[in-house]
Amino acid sequence: MNRTTISLLATATALAAITGLAALTAPGSGAETEAKAPARLPVERSSLLCPVPSTSELAETAYTSFTPAGRSGNAKEGTAKDGTAELKPSAAALADTDTAPAKDKPKKGAAAKGAKGAKDAKKPSPDKAVLALKEPGKPVAAKASGGEAPALVGTATGRLAPGWTAQQTTTETAGDARGLLGVSCTGPDTDFWFPGASTAEDRHDYVHLTNPDDTPAVADIELFGKDGALKTTLTEGIPVPAGSSVPVLLSTLASAPAGDLTVHVTTRTGRVGAVLRAADDKAGSDWLTASADPSGTAVLPGIPADATSVRLVAFAPGEDDADLKVQLAGPGGKIIPAGHETLHVKSGMTASADLLDVTKGEAGSLILSPSQSGRATPVVAALRVVRGKGDKQEVAFIPATAPVGERASVADNRAKGSTLSLTAPGAAAEVRVTASAGTEGGTQVIKTYKVKAGTTLAVVPPVPAGLKGSYALTVEMVSGGPVHASRTLALPQDGIPMFTVQTLPDDRGTVAVPEAEQDLSVLDD
């Protein structure tokens, strides 16, 4: 799931070809010149897509847009002199509420608090940006009330493109889909895996497909259960018109209810942004983003210390079965959950394990690795995490995620309620964490953390001095690693421990560009 970096990727390809020519024909060289290692330069263009947040009149949604400053806080380092970063309503935002998730609608007689001005609110103009970022290092925010907020399509260019991120956070205080729903807006792609979905009678899961381009896209959705692929009603693909967002109710694709599914979204033509919204009758709702690409190992960081239920769902997309060792990396090191030492995942089938309250009061991260060395079978995985009990439950999802890499950011952190989880599954590491200026004021703060090998460090992140509004967190590698990270945002409501978890994979703010060996203008003589 890579962000679009059209300009520099094209440049890289062209330069690679030209550099090869220069190496072979350099005058006076007498031999082929050894190519230099490619330089890493900032991307010049990024794209992000945010799904329709809700159709409930009680929904309150906060949007935050942010681009980190240059490495180590230098806003001018390696960036262009100008640029734009805007999120606008999709050109064909859905207006018919009858097609919206039924579980978004409040229960009959529910209080209308939180719906202030929702009925009278005007729909945003497709030509007017909901959020327009002005400079790196300083996030901007906007709010929307009720169920009229559309899907957003955005592009960042120039100095605002490298590492651009946007967060969508929705609070629904009533209705069967109540909860705190958070999602980092995603880049368009052609292939997504969502382990952890369900079509059970108490679940109401929708895949939201958003097309950012001026041409139509066609998407396919496959469902895989414990016995393999499910027969679906989908045979011709799902058309996603240009600039549109389409929600697809998974239960309408299957002939019978099924729990613990893996959803595979691909495109026949075009590209889309895909995220899955899951609503549970008892535990509320949240967004599930795509798992990291299939890999022989998987890290799922940031299980809260007070989790009352943790369910692991994994899928092996290849031709071989996967035998996985299951470990929990806590503050003191790795342990093996009692009764769940391994997980066998058959090829093309979804496997699951109920880990219950596996953290036992200490925050941790799940690490999946091959049971036998030399037999790494690629898998995708996700966790369904519940906090609270009885009618005071709240659910969130943690997909397997790629390492932080050079740098990763997450927006919409609050003065209270944020927890940063850092996991070093192998070697020890040191990271630098920057708390940006606030959306309404404040000065950035930088702090370094050391993460011991095989552990998870869960910390209350630094808060900008004089913070007003919300702020962004940026994690940069200093040494060691790799490190996997996530941010938990907890905003309790009426005794319900509402929370959401967002992972922090590498922001892919740079791209490798080969360097030419000489001034190619000499070849014209």
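These numbers come from a predicted model, not from an experiment.
- The aromatic rings of Tyr206 and His208 are tilted relative to each other, their planes meeting at an angle between 30° and 60°.
- Side-chain contact check for Phe224 versus Trp193: some heavy-atom pair is nearer than 4.5 Å.
- The line from CZ of Arg432 to CZ of Arg407 is 11.5 Å long, rounded to the nearest 0.5 Å.
- To the nearest 0.5 Å, atoms CZ (Arg45) and CH2 (Trp164) are separated by 10.0 Å.
- Under 3.5 Å, the side chains of Glu172 and Ser54 contain a donor-acceptor pair of N or O atoms.
- Although no hydrogens or angles enter the test, the distance criterion places no donor-acceptor pair under 3.5 Å between the side chain of Ser285 and the main chain of Ala279.
- Closest non-hydrogen pair, Pro482 versus Pro425, comes out as O-CD, 3.6 Å.
- Counting all heavy atoms, side chain and backbone alike, Pro212 lies closest to Arg271 at CD-O, 3.7 Å.
- With a 4.5 Å cut-off on side-chain heavy atoms, Val433 and Pro462 count as touching.
- No side-chain donor-acceptor contact under 3.5 Å links Asp320 to the backbone of Thr377.
- Side-chain atoms of Ser371 come within 3.5 Å of backbone atoms of Asp323 as a donor-acceptor pair (strictly under, hydrogens ignored).
- Checked by atom type and distance alone, the side chain of Thr434 never pairs as donor or acceptor with a backbone atom of Ser436 at under 3.5 Å.
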Apply side chain to side chain contact (heavy atoms under 4.5 Å, CB included) to the pair Leu312 and Leu368, showing each step before the final yes or no. CA-CA 10 Å; Leu312 167 65; Leu368 306 178; 4.0 Å; yes
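- No side-chain heavy atom of Thr289 sits less than 4.5 Å from a side-chain heavy atom of Ser184.
- In this structure, Val358 and His340 have side chains that are not in contact, with every pair of non-hydrogen atoms separated by 4.5 Å or more.
- Note that the CG atom of Leu422 and the NE2 atom of His484 stand 11.5 Å from one another [nearest 0.5 Å].
- The structure places OG of Ser347 at 7.5 Å from CZ of Phe315, a figure rounded to the nearest 0.5 Å.
- With no hydrogens or angles considered, a side-chain donor-acceptor pair links Thr474 and Ser409 at under 3.5 Å.
- The local environment of NZ in Lys392 is crowded, with over 12 non-hydrogen atoms from other residues, nucleotides or ligands closer than 6.0 Å.
- Side-chain atoms of Arg487 come within 3.5 Å of backbone N or O of Asp412 as a donor-acceptor pair.
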Evaluation steps, side chain to side chain contact (heavy atoms under 4.5 Å, CB included), between Thr252 and Thr233: CA-CA 8 Å; Thr252 63; Thr233 59; 5.8 Å; no
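- A side-chain donor-acceptor contact under 3.5 Å links Gln502 to the backbone of Gly182.
- Taking a 6.0 Å sphere around CZ of Arg268, one finds it holds more than 12 heavy atoms contributed by other residues, nucleotides or ligands.
- Heavy-atom minimum distance, Thr401 versus Ala485: CG2-O, 4.4 Å.
- Two residues are said to be in side-chain contact when any heavy atoms from C-beta on lie closer than 4.5 Å; Arg414 and Thr169 meet this criterion.
- Contact of the Pro51 side chain with the Val183 side chain is registered, since non-hydrogen atoms from C-beta on lie closer than 4.5 Å.
- For the residue pair Ala290 and Pro399, the shortest heavy atom distance occurs at O-CB, 3.9 Å.
- The backbone N or O of Leu152 lies less than 3.5 Å from no partner atom in the side chain of Thr210, so there is not a single donor-acceptor pair.
- Side-chain atoms of Asp286 and Thr500 include a donor-acceptor pair closer than 3.5 Å.
- Note: Leu328 CG to Thr359 OG1 = 7.5 Å, rounded to the nearest 0.5 Å.
- A donor-acceptor pair under 3.5 Å is absent between the side-chain atoms of Thr510 and the main chain of Pro42, judged by distance alone.
- Between Thr456 and Pro301 the shortest side-chain heavy-atom distance does not fall below 4.5 Å.
- Leu420 contributes atom CG, which lies 8.5 Å from atom CG of Asn413 (distance to the nearest 0.5 angstrom).
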Apply side chain to side chain contact (heavy atoms under 4.5 Å, CB included) to the pair Thr232 and Ile221, showing each step before the final yes or no. CA-CA 9 Å; Thr232 73; Ile221 298 179; over 6 Å; no
For the pair Leu276 and Asp205, evaluate side chain to side chain contact (heavy atoms under 4.5 Å, CB included) and give the outcome as yes or no after the intermediate values. CA-CA 7 Å; Leu276 188 148; Asp205 291 10; 3.9 Å; yes
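- Ser46 places no side-chain N or O within 3.5 Å of a backbone atom of Ala156 that could act as its donor or acceptor partner.
- Taking 4.5 Å as the limit, some side-chain heavy atom of Val385 sits within range of a side-chain heavy atom of Ile398.
- A salt bridge (Lys or Arg N to Asp or Glu O under 4.0 Å) with Asp260 is found for exactly one of Arg384, Arg311, Lys226, namely Arg311.
- Minimum interatomic distance between Pro195 and Ser291 (heavy atoms only, all atoms of both residues): CD-CB, 3.9 Å.
- Residues Pro247 and Ser245 approach most closely at CD-O, 4.0 Å, considering heavy atoms.
- Sequence neighbours left out, not one pair with a member in residues 332-346 passes salt bridge (charged side-chain N to carboxylate O under 4.0 Å, His left out).
- The salt bridge (charged side-chain N to carboxylate O under 4.0 Å, His left out) contacts involving residues 360-370 comprise Asp357-Lys360, where partners must be two or more places apart or lie in separate chains.
- A donor-acceptor pair under 3.5 Å links the side-chain atoms of Asp506 to the main chain of Glu406, judged by distance alone.
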